[in-house]
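Just so it is clear: chains get the letters A, B, ... in the order the sequence lines come, proteins before strands, and each one is counted from 1. Keep in mind that the numbers below use all heavy atoms, side chains included, and drop hydrogens, waters and symmetry copies.
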Amino acid sequence: MAEEDIIRAKKDRLNWFKEKGIEPYPAKSPKGEDISKIIEKFQKQGEFETSVTGRIVALRRMGKASFGVVFSNFKKIQFYIKRDDSPENYDIFKHLDIGDFVFIKGKVFRTKTGEITVHTYKLKLLAKSIRVLPEKWHGLRDEETILRKRYLDILTNENSRKTFILRSKMITEIRKFLNERGFFEVETPILQNIPGGAEAEPFVTHHNALDMDLYLRIAPELYLKRLIVGGFEKVYEIGKNFRNEGISTKHNPEFTMLELYMAWADFEDVMDLCEELIKSVAEKLNVSTIDVKKPFKRVSILQTLKEKTGFDFSDGVDLEKLKQTAELLGVQLDDEKTPSKIFENVYEQSILSKIDEPVFLVDFPEEFSPLAKTYPNKKVAQRFELYIKKMEIANAYSELNEPEKQSAHFQTQVRKNPQKKVDKDFIEALEYGMPPTGGLGIGLDRLLMVLLDLDSIKDVIIFPHLKPR
RNA sequence: GAGCCCGUAGCUCAGUCGGUAGAGCACCGGCCUUUUAAGCCGGGUGCCGCUGGUUCGAUUCCAGCCGGGCUCACCA
């Protein structure tokens with residue numbers, strides 16, 4: 001039977017209810033007892049009367065008596081219904097389909113094969129389904145359908161469901177961790193006039209009434225630092241960033257970031273906090289992918305390169321020296337690249353390539369870190385990036401709070417890319433004075449990937465971006 | 001954006017060295033009052049991703065396109 005015919009058959013049964021004067025999509029719903037509670041209670045006290053609401057996920061009809069399975073709150077319980085108990089109820093039952101939502105009232109008992117079952121004596125339709133759910137045994141396997149029809153994925157695949165439950169728990173635990181330490185949660189603009197705080201291509205949108213283009217934020221950084229200027233000494237934001245670039249197993253055009261800023265702290269204080277935060281979350285989620293006993297490694301990029309090649313970039317980056325470094329280390333450089341890209345390739349291929357465990361890379365050249373403070377008399381940023389399984393998870397600095405220097409860095413960026421604009425308002429905020437501040441950004445999608453040992457960002461984003469069909 | 005792989009029924013999957021397809025679940029009809037991947041008897045769903053080409057004949061071979069996966073690039 002073709003899908004169309006199946007849908008027609010289901011609609012026929014839907015109409016049967018209508019013709020009987022039974023509303024197939026009632027607004028009011030009776031409240032059922034939680035399935036896990038029913039099972040618990042039965043194991044303690046034996047038979048009792050109960051009611052359940054849920055979706056029918058299996059039917060075993062046997063003429064004058066039948067079994068089915070209802071599913072609610074991701075728990076299942078079997079029900080039993082017999083014609084002789086109530087021919088009216090049995091008539092309703094005969095017009096139900098897998099996928100329908102029902103209310104069942106009955107007595108909990110144990111069948112002779114040992115299954116805890118609700119012996120139904122009242123049955124009510126709560127919502128009709130007119131489509132075919134994925135197959136009961138294999139569930140939904142097709143990667144594309146899983147992503148496009150996530151509702152069917154979480155309905156049928158327990159692993160997938162668990163991922164998103166853990167995602168929610170992860171974010172809850174992060175909030176708890178930060179709130180307990182006196183951090184203040186804020187929401188800053190997603191629609192921005194000047195997209196700043198990161199090196200990325202923004203999405204452009206348009207405000208009709210003002211007749212002006214706006215940008216979806218690529219980072220909340222510059223706004224959060226304004227709040228430090230304003231006197232909030234520990235602030236954080238959890239929210240989406242939008243970057244108009246390629247999609248991959250590690251990149252979704254919109255992704256969730258945690259950014260936090262704390263006054264009276266530098267990047268090393270933030271490093272301790274970051275490690276503590278991630279270990280605490282790993283413990284709370286009860287995952288074994290992060291060794292919470294072992295301190296995270298700390299590796300200086302510039303020192304390592306100096307040891308390996310003799311080249312020292314702590315007084316600035318020379319493009320020729322950088323290229324020679326790459327060559328010496330056997331780093332593959334495909335085509336024309338920006339110095340910062342070459343540098344990234346160098347440390348990724350020569351330092352990170354062997355390290356799977358969490359590692360803080362420190363000591364980045366100042367010129368690749370326009371928002372970070374440097375060490376005195378050096379061109380080395382006080383910055384770290386946390387890598388786990390070769391994936392960048394976090395990025396942090398001692399925040400640059402010297403307005404002139406920040407302004408100069410912005411102007412350099414504009415010189416390199418005339419599309420960019422200097423955020424003068426941010427500079428002005430710094431001119432009022434910002435205390436010494438440490439800042440941190442953690443990519444939460446990627447953090448979850450690492451915690452759950454998943455290889456694709458699409459597995460941790462409940463509705464990842466896909467091209468329209 | 002580039003390379004490689006994939007796309008068969010609503011779902012999970014076979015298959016066709018070129019003669020337009022098949023199994024289980026689901027679905028339809030019948031039997032069945034404690035089943036549980038219920039069972040038994042009968043039914044067989046399909047622009048074989050789309051568009052062209054080669055061919056007497058294409059779901060199969062070839063090309064282009066669409067969608068997905070992986071790798072790379074951009075980036076986080």
*Residues from residues 355-366 of chain A sitting under 4.0 Å of RNA chain B, heavy atoms only?*
none

*Have a look at T145(A) and say if it touches a base, only the backbone sugar-phosphate, or nothing, with a 4.0 Å heavy-atom cut-off.*
nothing

_Contact under 4.0 Å: S66(A) side-chain N or O vs rU35(B) OP1/OP2_ = no

*With centres under 5.5 Å and planes under 30°, do F255(A) and rA76(B) count as stacked?*
yes

*asked:* It should be established whether K467(A) places a side-chain nitrogen or oxygen under 4.0 Å from OP1 or OP2 of nucleotide rC66(B).
replied: no

_With a 3.5 Å cut-off and heavy atoms only, can you find an N or O donor on one side and an acceptor on the other between the side chain of E4(A) and the base of rU45(B)?_
no

_Students often get this wrong, so: under 4.0 angstrom with heavy atoms, is K10(A) touching a base, only sugar-phosphate, or nothing?_
nothing

*Can you tell me, in whole Å, how much space there is between the P of rC70(B) and that of rA9(B)?*
22 Å

*Can you run down the ring pair (Phe, Tyr, Trp, His ring centres under 6.0 Å) pairs that involve residues 108-130 of chain A, sequence neighbours left out, and say none if there aren't any?*
Y80(A)-H119(A), F109(A)-H119(A)

*With sequence neighbours excluded, tell me which residues meet ring-ring contact (aromatic ring centres under 6.0 Å, His included) with H409(A).*
none

*Find the distance N244(A):CG to rA76(B):P and express it as a whole number of Å.*
14 Å

*At under 4.0 Å between heavy atoms, what does R13(A) touch on the DNA or RNA strands: base, sugar-phosphate, or nothing?*
sugar-phosphate

_From CZ of R110(A) over to P of rU34(B), roughly how many Å is that when rounded to an integer?_
19 Å

*Distance check: side-chain N/O of K458(A) vs OP1/OP2 of rG69(B), anything under 4.0 Å?*
yes

_rA26(B) versus rC72(B) - spacing of their P atoms, nearest Å_ = 43 Å

_Quick test of your reading of the model: are E237(A) and R217(A) salt-bridged, counting only N-O distances below 4.0 Å?_
yes

*Would you mind telling me which of rA26(B), rC74(B), rA37(B) lies closest to the side-chain atoms of W137(A)?*
rA37(B)

*Can you tell me how far C1' in rU59(B) sits from the matching atom in rU8(B), rounded to whole Å?*
8 Å

_Whole angstrom value for the distance that separates P of rC74(B) from CD of E201(A)_ = 14 Å

_Under the rule for side-chain hydrogen bond (donor to acceptor under 3.5 Å, both in side chains), what residues qualify as partners of D142(A), not counting sequence neighbours?_
T145(A)

_Watson-Crick or G-U counterpart of rA2(B), or none if no pair lies under 3.5 Å_ = rU71(B)

_Closer than 4.0 angstrom, basic N to acidic O: yes or no for K420(A) and E199(A)?_
yes

*Separation of atom CD in E245(A) from atom C1' in rG1(B), rounded to whole Å*: 13 Å

*RNA chain B: L140(A) or G63(A), which has the more 5' nearest nucleotide?*
L140(A)

*Got L277(A) and S280(A) here, is their nearest side-chain heavy-atom distance under 4.5 Å?*
no

*Return yes when atom CG of D272(A) has more than 12 non-hydrogen atoms of other residues, nucleotides or ligands closer than 6.0 Å, and no otherwise.*
yes

*Please determine, for rA9(B), whether a Watson-Crick or G-U wobble partner exists with both distances under 3.5 Å, and give it or none.*
none

*asked:* Just the rounded figure in Å: distance from P of rG10(B) to NE2 of H138(A).
replied: 18 Å

*Using a strict 4.0 Å threshold on nitrogen-to-oxygen distance, state whether R55(A) and D100(A) make a salt bridge.*
no

*In whole Å, what is the span from the CG atom of N345(A) to the C1' atom of rC74(B)?*
12 Å

_Does N252(A) reach a base, just sugar-phosphate, or nothing at all? Heavy atoms under 4.0 Å._
base

Nucleotides 3-9 of chain B: which of its N/O atoms have a protein N/O under 3.5 Å away?
none

*Base, sugar-phosphate, or nothing: which does E115(A) touch, judged by heavy atoms less than 4.0 Å apart?*
base

*In whole Å, what separates the P atom of rU55(B) from that of rU60(B)?*
16 Å

*May I have the distance from K64(A) (atom NZ) to rC31(B) (atom P), rounded to whole angstrom?*
8 Å

*Could you tell me whether E392(A) contacts a base, only the sugar-phosphate backbone, or nothing, with contacts defined as non-hydrogen atoms closer than 4.0 Å?*
sugar-phosphate

*Using purine N1 to pyrimidine N3 plus N6-O4 or O6-N4 for Watson-Crick, or N1-O2 and O6-N3 for G-U wobble, each under 3.5 Å, what pairs with rU54(B)?*
none

_What's T156(A) touching, base or sugar-phosphate or nothing? Going by heavy atoms closer than 4.0 Å._
nothing

*Hunt down the Watson-Crick or G-U wobble partner of rC27(B), both distances under 3.5 Å, from any strand shown, or write none.*
rG43(B)

*Across the strands shown, which category fits R61(A) at heavy-atom distances under 4.0 angstrom: base, sugar-phosphate, nothing?*
base

*Describe, in one word, how the ring planes of Y387(A) and Y347(A) are oriented to each other, choosing from parallel (under 30°), tilted (30 to 60°) and perpendicular (over 60°).*
perpendicular

_Results of side-chain contact (heavy atoms from CB on, under 4.5 Å) for D269(A) - residues two or more places apart only_ = A265(A), D266(A)

*Look at K82(A) and rU34(B) and indicate whether a side-chain polar atom (N or O) is within less than 4.0 Å of OP1 or OP2.*
no

_Nearest whole Å is fine: how far is rC28(B) P from I7(A) CD1?_
13 Å

*Quick one: sort the F74(A) and F71(A) rings into parallel, tilted or perpendicular, breaks at 30° and 60°.*
perpendicular

